[in-house]
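Just so you know, these numbers come straight off a predicted model, no measurement behind them. Numbered from 1 within each chain, the chains take letters A, B, ... in sequence-line order.
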Number of protein chains: 2
Amino acid sequence: MQLSRKTVIAAAVEIIEADGVEAVSMPRLATELGCGLISLYNYVPSRNALLDAVGAEVMSGIAGTLAPQPNWQDDLRAQIRACRQVARAHPRCAMVAVSRRPAPASMARAAERALATLRKAGFGEPDAVRIARALAAYVLGSLLREAGARPGQAADDHPADADRDFEYGLDLIMQAVTARLK
Amino acid sequence: MQLSRKTVIAAAVEIIEADGVEAVSMPRLATELGCGLISLYNYVPSRNALLDAVGAEVMSGIAGTLAPQPNWQDDLRAQIRACRQVARAHPRCAMVAVSRRPAPASMARAAERALATLRKAGFGEPDAVRIARALAAYVLGSLLREAGARPGQAADDHPADADRDFEYGLDLIMQAVTARLK
DNA sequence: ACCTGAACACCGTTCAAGT
DNA sequence: ACCTGAACACCGTTCAAGT
């Protein structure tokens, strides 16, 4: 396999999902990729930078366009579900992404999009910002609860329950948000 | 200073708040405590067990009794604020606590108390459980957003903003929860 | 110019020797 | 019985030597 930045990141993603972040070591990556340990530093400046790249890679999906919904509530819901879906596709990597500072750019963009939707719905600036933050907290917290906070732990084994829990809480928040607009 | 399990844990808490979890190493703890590296293993079986102990120690405060409020809404609010307050007293350690599996017992007890309050308020079992989970997700997510998810990062420098954000979101959820009971 | 082996300064934990 | 120095098997990263 041809070594490249992409393949190094992909190998790291694989290791994280299989054994957690703590299992990602430069020696292990090298043997996994069948290359010399030092060669890795040609594609990634450090282990930390590699984890940043994993976070960015794994969350890049939420930048994708979503089918616009007839009303702003469904639009917002779709955006929030998309965040969660992308995160759940790589749960342990998602916890890594969420733990990096600064947050991956795609996550910041998603937050900005939610804010824009709230503004367009008619919320004033302070309310729109605070609602967006509350939603972000809820999504993050749900992921934390589900996937196991420690990035080195596996996901829950009752995903259907987690989905229902998530939708229930999302309903709660959206109900209050809608009521607040009137 | 007399070495004991307590002093070892306290030293770890200090290091974590100052420099993050990653800075907690057995050698550093030893020099900080002025003892031999190996002596630490007489009080703590491993670094991992030490971090578990830090999580338990730091979160033990939420087990404290709270003044009962006239209505269940204020009761629930007080419980949730207490969780957040305790966590914010040691923000970086709180992130460690939240990241441990299983969660510290005091956190589980706090969740159980919230559940009991919801039951007493008149919610049926599935609703009570889901509301409690939504609230937990919100508190966890807020901490993650504020303190910086990575346990190795410092807290925000606008705590007042964070407080207002938190109360705003809590209001939203509590409003919807109250509406759902009727 | 690119690649990488050997080396450095760290880790957590164990073993076996000391008291 | 208790304590702990030396040692082991790891890390991430750098330097300087090779091609």
Of the nucleotides [options], which has the atom closest to the [X] side chain?
X       : options               : value
A/Ser25 : C/dG12, C/dT4, D/dC11 : D/dC11
B/Ile38 : D/dA6, C/dT4, D/dG12  : D/dA6
B/Met26 : C/dG12, D/dA6, D/dT13 : C/dG12
A/Asn42 : D/dT14, C/dC3, C/dG12 : C/dC3

### Task
Would you check if the side chain of A/Glu57 reaches a backbone N or O of A/Ala10 as a donor-acceptor pair within less than 3.5 Å?
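Flag not set: sc A/Glu57 to bb A/Ala10 has no pair under 3.5 Å.
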
### Query
Is the side chain of A/Arg133 donor-acceptor paired with the backbone N or O of B/Gly169 at a distance under 3.5 Å, no angle test?
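Between the backbone of B/Gly169 and the side chain of A/Arg133 there is no qualifying donor-acceptor contact (under 3.5 Å).
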
Quickly work out the [X] [atom1] to [N] [atom2] distance and round it to whole Å.
X       : N      : atom1 : atom2 : value
A/Leu3  : C/dC2  : CG    : P     : 15 Å
B/Leu29 : C/dG12 : CG    : P     : 9 Å
B/Leu50 : C/dT13 : CG    : P     : 10 Å
B/Tyr41 : D/dA6  : OH    : C1'   : 15 Å
A/Glu22 : D/dC10 : CD    : P     : 17 Å
B/Leu37 : D/dG5  : CG    : P     : 9 Å
A/Leu40 : D/dT13 : CG    : P     : 11 Å
B/Asn48 : C/dT13 : CG    : P     : 7 Å

### Task
Using only side-chain N and O atoms of B/Ser39, determine if any of them is under 4.0 Å from OP1 or OP2 of D/dC3.
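Answer is no, no contact under 4.0 Å.
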
### Task
For C/dG12, take OP1 and OP2 only and decide whether either is under 4.0 Å from a side-chain N or O of B/Ser46.
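For C/dG12, OP1/OP2 do not have a side-chain N/O of B/Ser46 under 4.0 Å.
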
### Message
Can you tell me the base-pairing partner of C/dA1? Count Watson-Crick or G-U wobble geometry only, both distances below 3.5 Å, and say none if there is no partner.
### Response
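D/dT19 is the nucleotide pairing with C/dA1.
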
### Task
Could you please name the partner base of D/dT14, counting Watson-Crick and G-U wobble pairs only when both distances are under 3.5 Å?
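When the pairing criteria are applied, C/dA6 turns out to be the nucleotide that pairs with D/dT14.
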
### Query
Looking for any heavy atom pair under 4.0 Å, which part of the strands does B/Val44 touch: base, sugar-phosphate only, or nothing?
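Nothing, no heavy atom under 4.0 Å.
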
### Message
Quick one, B/Arg130 with A/Asp171, criterion salt bridge (charged side-chain N to carboxylate O under 4.0 Å, His left out). Give me CA distance, side-chain angles, the key distance, then yes/no.
### Response
CA-CA 11 Å; B/Arg130 285 196 176 124; A/Asp171 280 344; over 6 Å; no

### Query
Of the options B/Glu22, B/Met95, B/Arg92, which is the one that meets B/Ile16 in a side-chain contact (heavy atoms from CB on, under 4.5 Å)?
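Checked B/Glu22, B/Met95, B/Arg92 against B/Ile16; only one passes side-chain contact (heavy atoms from CB on, under 4.5 Å): B/Arg92.
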
### Task
Could you walk me through whether A/Gln69 and A/Arg77 pass side chain to side chain donor-acceptor pair (under 3.5 Å), step by step?
CA-CA 9 Å; A/Gln69 302 296 317; A/Arg77 278 187 143 94; over 6 Å; no

